[in-house]
Amino acid sequence: MPELPEVETTRRGIEPLIVGKPVVALDVREKRLRWPVPAQLQALIGLPISAVRRRAKYLLLDNERGSAIIHLGMSGSLRVVATSVSPQRHDHVDVVFDDGTCLRLRDPRRFGAVLWSRQPLRHKLLRSLGPEPFDLEFDGAYLRSRARGRRAAVKAFLMDSRVVVGVGNIYASEALHAAGIHPRRPAGRVSQARYEALCEAVREVLSQAIGFGGTTLRDFASPDGEPGYFRHALAVYGRAGEPCLHCGHTLRQETIAQRSSFFCPLCQR
DNA sequence: ATGGTCCCCTGACCGC
DNA sequence: TGCGGTCAGGGGACCA
């Protein structure tokens with residue numbers, strides 16, 4: 001489900017509701033997520049949450065001992081609710097605060113994860129991640145140099161979290177369309193000038209999506225229960241057979257690197 | 001290193 | 001209304 005805009009929307013939603021609140025208990029009703037929820041998560045108990053950070057699509061709940069690392073996978077969402085509200089099916093984990101509220105993780109497909117690390121940025125899952133799309137080092141020259149010699153499709157390259165983080169299947173299609181680059185073009189055969197356009201397109205698409213509260217295709221909801229409204233602004237994703245908003249040619253859907261990809265065969269080259 | 005494939009799991013949707 | 005097939009926003013693990 002969530003790409004960077006949805007995770008950032010979630011972060012912004014929960015941050016003001018949980019920072020500074022002491023954790024008094026955990027309720028792990030289902031520990032079989034992508035990896036078992038570890039006993040070390042107990043390190044949350046007894047101290048306040050000091051910050052809610054995001055790195056790539058990971059959310060970090062900090063206290064002075066370390067961080068809970070939360071990934072929402074394909075179907076995860078977080079809400080802050082009164083602890084008295086009965087958990088629904090697939091509500092797997094509650095982080096319970098001292099004011100009668102809790103942070104509740106729902107994840108029907110259980111592709112998500114809740115882990116603990118004293119130094120999360122050095123955790124195996126986070127230490128090899130590429131730059132954030134809004135970092136200064138992420139630019140056309142950077143993309144060009146990372147792509148040199150690579151024959152994989154540029155769409156797969158753009159979705160490789162060692163290259164840049166946070167660009168998932170929706171926004172990869174959208175950014176490539178905005179930049180006029182064919183998703184199947186080998187990454188090593190895209191010019192620096194076009195990578196500069198792609199870099200700008202990624203930032204534009206992601207920041208617009210954050211402004212709309214993310215994209216809800218079927219079930220994403222932000223912590224306040226609102227869907228994301230960027231779906232209505234998608235130019236290509238999910239629009240196969242419909243006209244390109246740029247040139248009018250019929251949009252195509254093809255599978256590239258095991259993922260559905262949407263593009264205009266006329267204005268993307 | 002790079003690229004390709006498979007898989008974890010549940011739910012929604014579509015055609016019959 | 002039921003049933004089977006297909007697909008889904010992520011990404012680690014494994015293979016050549």
Side-chain angles (χ1 to χ4, degrees), chain A residues 1-10 29-37 54-59 69-78 88-92 105-115 123-130 145-176 183-189 202 205-206 208-210 212-222 227-241 253-262:
Chain A
M1 167 218 305
E3 299 191 33
L4 187 149
E6 293 75 42
V7 178
E8 180 61 21
T9 295
T10 298
R29 288 175 291 274
E30 174 59 83
K31 64 168 66 168
R32 295 174 305 162
L33 302 185
R34 172 146 202 183
W35 298 279
V37 177
R54 179 187 59 74
R55 172 72 173 108
K57 297 172 188 166
Y58 295 93
L59 287 168
I69 300 174
I70 300 176
H71 196 287
L72 299 176
M74 289 277 266
S75 60
S77 59
L78 288 168
Q88 307 283 300
R89 186 164 149 80
H90 305 308
D91 285 345
H92 304 312
L105 172 72
R106 157 175 283 221
D107 185 4
R109 292 176 75 180
R110 293 192 276 116
F111 287 179
V114 180
L115 301 169
H123 188 278
K124 182 183 177 188
L125 293 173
L126 280 78
R127 67 184 174 211
S128 301
L129 294 172
S145 74
R146 290 297 304 265
R148 196 168 296 274
R150 292 188 60 164
R151 288 180 290 184
V154 63
K155 176 162 178 279
F157 171 73
L158 185 60
M159 291 178 65
D160 182 341
S161 64
R162 293 164 304 181
V163 173
V164 60
V165 300
V167 185
N169 203 35
I170 297 179
Y171 302 116
S173 279
E174 292 297 315
L176 286 164
R184 248 187 234 288
R185 173 171 285 270
R189 299 186 53 189
V202 165
V205 164
L206 293 179
Q208 275 199 25
I210 292 169
F212 278 91
T215 300
T216 297
L217 290 184
R218 38 183 67 79
D219 56 4
F220 172 74
S222 63
Y229 294 103
F230 192 67
R231 180 166 67 89
H232 308 292
L234 295 175
V236 289
Y237 191 90
R239 295 192 63 240
Q253 172 177 12
E254 293 180 14
T255 298
I256 300 171
Q258 341 299 123
R259 320 293 290 214
S260 261
S261 308
F262 298 85

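Chain identifiers are assigned alphabetically (A, B, ...) following the order of the sequence lines, protein sequences preceding nucleic acid strands; residue numbering begins at 1 within each chain.
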Tell me: [atom1] of [X] to [atom2] of [N], nearest whole Å?
| X | N | atom1 | atom2 | answer |
| --- | --- | --- | --- | --- |
| A:Gln258 | C:dA13 | CD | C1' | 14 Å |
| A:Ile69 | C:dG11 | CD1 | C1' | 15 Å |
| A:Leu234 | C:dG9 | CG | C1' | 11 Å |
| A:Tyr58 | C:dG10 | OH | P | 12 Å |
| A:Arg259 | C:dA8 | CZ | C1' | 9 Å |
| A:Arg110 | C:dG11 | CZ | C1' | 17 Å |
| A:Ile170 | C:dC7 | CD1 | P | 18 Å |
| A:Phe111 | C:dG11 | CZ | C1' | 10 Å |

What residues, two or more places apart in sequence or in another chain, satisfy salt bridge (Lys or Arg N to Asp or Glu O under 4.0 Å) together with [X]?
| X | value |
| --- | --- |
| A:Arg29 | A:Asp27, A:Asp94 |
| A:Arg32 | A:Glu30 |
| A:Arg239 | A:Glu242 |

For nucleotides 14-16 of chain C, give me every protein contact, N/O to N/O, under 3.5 Å, one pair per line with atom names.
none

[X]: what forms a side chain to side chain donor-acceptor pair (under 3.5 Å) with it, not counting sequence neighbours?
| X | result |
| --- | --- |
| A:Glu254 | A:Arg184, A:Arg252 |
| A:Arg110 | none |
| A:Ser222 | A:Asp224 |
| A:Arg162 | A:Asp160 |

What's [X] touching, base or sugar-phosphate or nothing? Going by heavy atoms closer than 4.0 Å.
| X | value |
| --- | --- |
| A:Tyr171 | nothing |
| A:Arg231 | nothing |
| A:Gln253 | sugar-phosphate |

Near-strand residues of residues 151-164 of chain A, defined as heavy-atom separation under 4.0 angstrom from DNA chain C:
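DNA chain C contact set from residues 151-164 of chain A: none.
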What are the two closest heavy atoms between [X] and [Y], and how far apart are they?
| X | Y | value |
| --- | --- | --- |
| A:Leu158 | A:Val164 | O-CG1, 3.6 Å |
| A:Ser261 | A:Arg259 | OG-O, 3.1 Å |
| A:Ala172 | A:Met159 | CB-CG, 3.7 Å |

How do A:Arg148 and A:Ala257 order along DNA chain B: which one's closest nucleotide is nearer the 5' end?
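The residue whose closest nucleotide sits nearer the 5' end is A:Arg148.
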Nt span of DNA chain B in reach of chain A heavy atoms at under 4.0 Å, 5' end first, is B:dG3 to B:dG11
Measuring from [X]:[atom1] to [Y]:[atom2], what's the distance to the nearest 0.5 Å?
| X | Y | atom1 | atom2 | result |
| --- | --- | --- | --- | --- |
| A:His71 | A:Leu33 | NE2 | CG | 12.5 Å |
| A:Arg34 | A:Asp107 | CZ | CG | 11.5 Å |
| A:Leu115 | A:Leu126 | CG | CG | 9.5 Å |

Given the P atoms of C:dT6 and B:dC6, what is the spacing between them in whole Å?
15 Å
Could you name each residue pair satisfying side chain to side chain donor-acceptor pair (under 3.5 Å) that touches residues 164-174 of chain A, not counting sequence neighbours?
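The answer is A:Glu6-A:Tyr171, A:Lys155-A:Asn169, A:Tyr171-A:Thr215.
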How does DNA chain C read in dot-bracket, base by base from 5' to 3', with Watson-Crick or G-U pairs under 3.5 Å and | used when the partner is on another strand?
.|||||||.|||||||
Whether A:Tyr229 and A:His232 hold their rings parallel, tilted or perpendicular, with breakpoints at 30° and 60°
parallel
Closest approach to the side chain of A:Asn169, judged atom by atom: which nucleotide of C:dG12, C:dA8, C:dG10 is it?
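The closest nucleotide is C:dG10.
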Does A:His71 make a side-chain N or O approach to OP1 or OP2 of C:dG10 shorter than 4.0 Å?
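Answer is no, no contact under 4.0 Å.
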Pairwise 5' ranking along DNA chain C for A:Leu125 and A:Arg109, keeping only the more 5' one:
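Checking each residue's closest nucleotide, the 5'-ward one belongs to A:Arg109.
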Nearest-nucleotide check on DNA chain C, A:Lys57 vs A:Lys124; residue mapping nearer the 5' end is A:Lys57
